[in-house]
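Just so it is clear, the values below take in all heavy atoms, side chains as well, and ignore hydrogens, waters and symmetry mates.
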Amino acid sequence: MDLLEVQSISKTYGSGETAVHALKQVSFSVPKGEFVAIVGESGSGKSTLLNMLGALDCPTSGKVLIDGKDIFSMKEEALTVFRRRNIGFIFQAFNLIPELTVEQNIIFPVLLDYQKPNKKYLEELLTVLNLKERRSHLPGQLSGGQQQRVAIGRALITRPSLILADEPTGNLDTQNSSEVIAMLKEASRKYEQTIIMITHNGSIAQTTDRILRVSDGILTDFGRGRQE
């Protein structure tokens with residue numbers, strides 16, 4: 001079953017002669033548990049596409065269905081709740097709250113939803129992310145790789161069906177990049193989470209299940225990535 005279905009989405013900024021067609025009739029689907037890389041030059045439309053998938057921006061036309069639900073047909077309040085419970089975001093800049101500890105940053109989305117964190121799952125995440133010894137540290141006391149692992153934990157804590165990662169290794173060295181990608185692969189396999197990741201790194205893209213390329217707003221499916 002496809003977790004994500006993108007149906008002919010287009011995005012145009014402006015109008016007339018100054019109109020910018022950021023996405024042009026983009027369609028594709030992603031089954032549950034697949035790890036997909038989106039590649040393309042700067043300004044190609046890939047970040048615009050990721051924003052559409054995460055309901056952070058609305059398409060000019062077309063539909064995005066997550067688990068069979070047309071997200072842009074929802075009212076704003078319902079969409080906010082759906083996004084919080086079903087989509088995890090990982091950003092290049094980490095976006096951690098500096099005043100909160102590692103553990104507090106990870107469970108923040110759960111508290112935001114007025115829920116209680118699952119302590120067993122939290123401990124599992126801290127173990128998998130190798131953060132148990134750092135759980136009481138503040139972001140400023142962590143390395144870049146550790147901060148990105150906290151960001152991954154924060155994205156996973158709500159057990160979202162879809163994870164969107166925007167250049168998650170962009171600020172990391174080779175060793176930390178490899179560790180982060182390995183953790184995302186593990187999440188995809190162990191928790192059956194669908195992951196869509198933007199990356200400029202061709203080697204990293206090749207390790208994913210499938211590669212999509214966006215060029216001048218048009219999407220091309222390059223098919224399978226890794227075959228491990």
Side-chain angles (χ1 to χ4, degrees), residues 4 6 9 11 13 20 22-23 26 28 30 34-57 59 64 66 83 87-98 102 105-106 108-109 128-131 139-140 142-158 160-188 193-222 225-226:
L4 174 67
V6 179
I9 63 170
K11 181 64 176 182
Y13 296 100
V20 175
L23 293 175
V26 170
F28 65 97
V30 182
E34 189 169 52
F35 187 2
V36 178
I38 298 178
V39 300
E41 301 297 324
S42 296
S44 61
K46 59 186 185 303
S47 291
T48 299
L49 175 58
L50 203 73
N51 287 340
M52 302 295 162
L53 303 184
L56 299 176
D57 195 3
V64 174
I66 298 176
R83 182 171 52 223
I87 306 174
F89 295 92
I90 303 171
F91 303 99
Q92 179 178 347
F94 315 140
N95 291 352
L96 303 179
I97 300 172
V102 165
N105 265 287
I106 289 175
F108 186 73
V128 169
L129 296 168
N130 196 23
L131 289 170
L142 305 175
S143 68
Q146 290 168 337
Q147 289 186 62
Q148 190 59 292
R149 294 205 295 271
V150 176
I152 292 173
R154 181 184 57 193
L156 295 177
I157 191 66
T158 58
S161 53
L162 177 64
I163 294 174
L164 303 176
D166 191 355
E167 292 284 0
T169 63
N171 287 329
L172 304 178
D173 59 27
T174 302
Q175 177 63 33
N176 280 307
S177 294
S178 297
E179 291 177 2
V180 164
I181 295 303
M183 289 171 189
L184 290 177
K185 289 180 188 177
E186 180 69 12
S188 175
Q193 287 165 314
T194 302
I195 301 176
I196 312 292
M197 175 184 68
I198 286 178
T199 181
H200 278 102
N201 189 313
S203 297
I204 287 176
Q206 287 293 334
T207 69
T208 63
D209 296 319
R210 183 154 56 118
I211 301 172
L212 305 177
R213 176 176 289 277
V214 180
S215 180
D216 194 28
I218 298 171
L219 182 136
T220 304
D221 189 336
F222 276 68
R226 66 161 186 257

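- Rounded to the nearest 0.5 Å, atoms CG (Leu50) and CD1 (Ile198) are 4.5 Å apart.
- With contacts defined as side-chain heavy-atom distances shorter than 4.5 Å, the pair Pro139/Val150 does not qualify.
- Contact detail for Thr158 and Pro109: the closest heavy-atom pair is CG2-CB, 3.9 Å.
- The heavy-atom pair separating Phe89 from Ala155 by the smallest distance is O-CB, 3.7 Å.
- A heavy-atom distance below 4.5 Å is found between the side chains of Asn95 and Arg154.
- The backbone N or O of Thr174 sits less than 3.5 Å from a side-chain atom of Ser178, completing a donor-acceptor pair.
- Taking CD1 of Ile157 as the start and CZ of Phe108 as the end, the distance is 13.5 Å to the nearest 0.5 Å.
- Looking at Asn51, its side chain never comes within 3.5 Å of a backbone N or O of Leu56 through a donor-acceptor pair.
- The OG1 atom of Thr208 sits 8.5 Å away from atom CD of Glu34, with the distance rounded to the nearest 0.5 Å.
- Looking at every heavy atom in both residues, Thr199 comes nearest to Ala205 through CG2-CB, 4.0 Å.
- To the nearest 0.5 Å, atom OG1 of residue Thr48 and atom NZ of residue Lys11 are 8.5 Å apart.
- We find the CD1-CG distance between Ile66 and Leu53 to be 7.0 Å, quoted to the nearest 0.5 Å.
- Side-chain contact between Ser215 and Thr220: absent, with no pair of heavy atoms (C-beta onward) separated by less than 4.5 Å.
- The distance from atom CG of Leu156 to atom CD of Glu186, rounded to the nearest 0.5 Å, is 10.5 Å.
- Heavy-atom minimum distance, Leu172 versus Pro168: CD1-O, 3.8 Å.
- Judged by distance alone, the side chain of Arg83 and the main-chain N or O of Ala55 form a donor-acceptor pair under 3.5 Å.
- The closest side-chain heavy-atom distance from Met52 to Asp57 is below 4.5 Å.
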Might you work through the side chain to side chain contact (heavy atoms under 4.5 Å, CB included) test for Asn105 and Val102, ending with a clear yes or no?
-> CA-CA 5 Å; Asn105 265 287; Val102 165; 6.0 Å; no

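- Residue Ala22 comes nearest to Tyr13 through the heavy atom pair CB-CE1, 3.6 Å, listed as atom of the first residue, atom of the second, then distance.
- With sequence neighbours excluded, the residues satisfying salt bridge (Lys or Arg N to Asp or Glu O under 4.0 Å) with Asp216 are Lys24.
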Audit row: Asn176, Arg149, side chain to side chain contact (heavy atoms under 4.5 Å, CB included) steps and yes/no | CA-CA 9 Å; Asn176 280 307; Arg149 294 205 295 271; 4.3 Å; yes

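- For Gln148 (side chain) and Phe91 (main-chain N/O), a donor-acceptor pair under 3.5 Å exists by modelled atom type.
- For the pair Leu4/Phe28, a side-chain contact is recorded, criterion being any heavy-atom separation below 4.5 Å from C-beta on.
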Mind listing the side-chain donor-acceptor pairs of residues 35-44 below 3.5 Å, one per line with the distance, residues two or more places apart or on another chain?
unit_1, atom_1, unit_2, atom_2, d
Ser44, OG, Glu41, O, 2.7
Ser44, OG, Val214, O, 3.3

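- Annotation: side chain of Leu49 is in contact with side chain of Ile9 (closest heavy-atom distance under 4.5 Å).
- Within the 4.5 Å cutoff, the side chain of Leu184 has heavy atoms near those of the Ile90 side chain.
- Ile181 has its side chain within reach of Lys185: a pair of non-hydrogen atoms, C-beta onward, lies under 4.5 Å apart.
- Across all non-hydrogen atoms, the minimal contact from Thr207 to Ser203 is CG2-O, 3.4 Å.
- Side chain of Ser143 to backbone of Gln146: a donor-acceptor contact under 3.5 angstrom is found.
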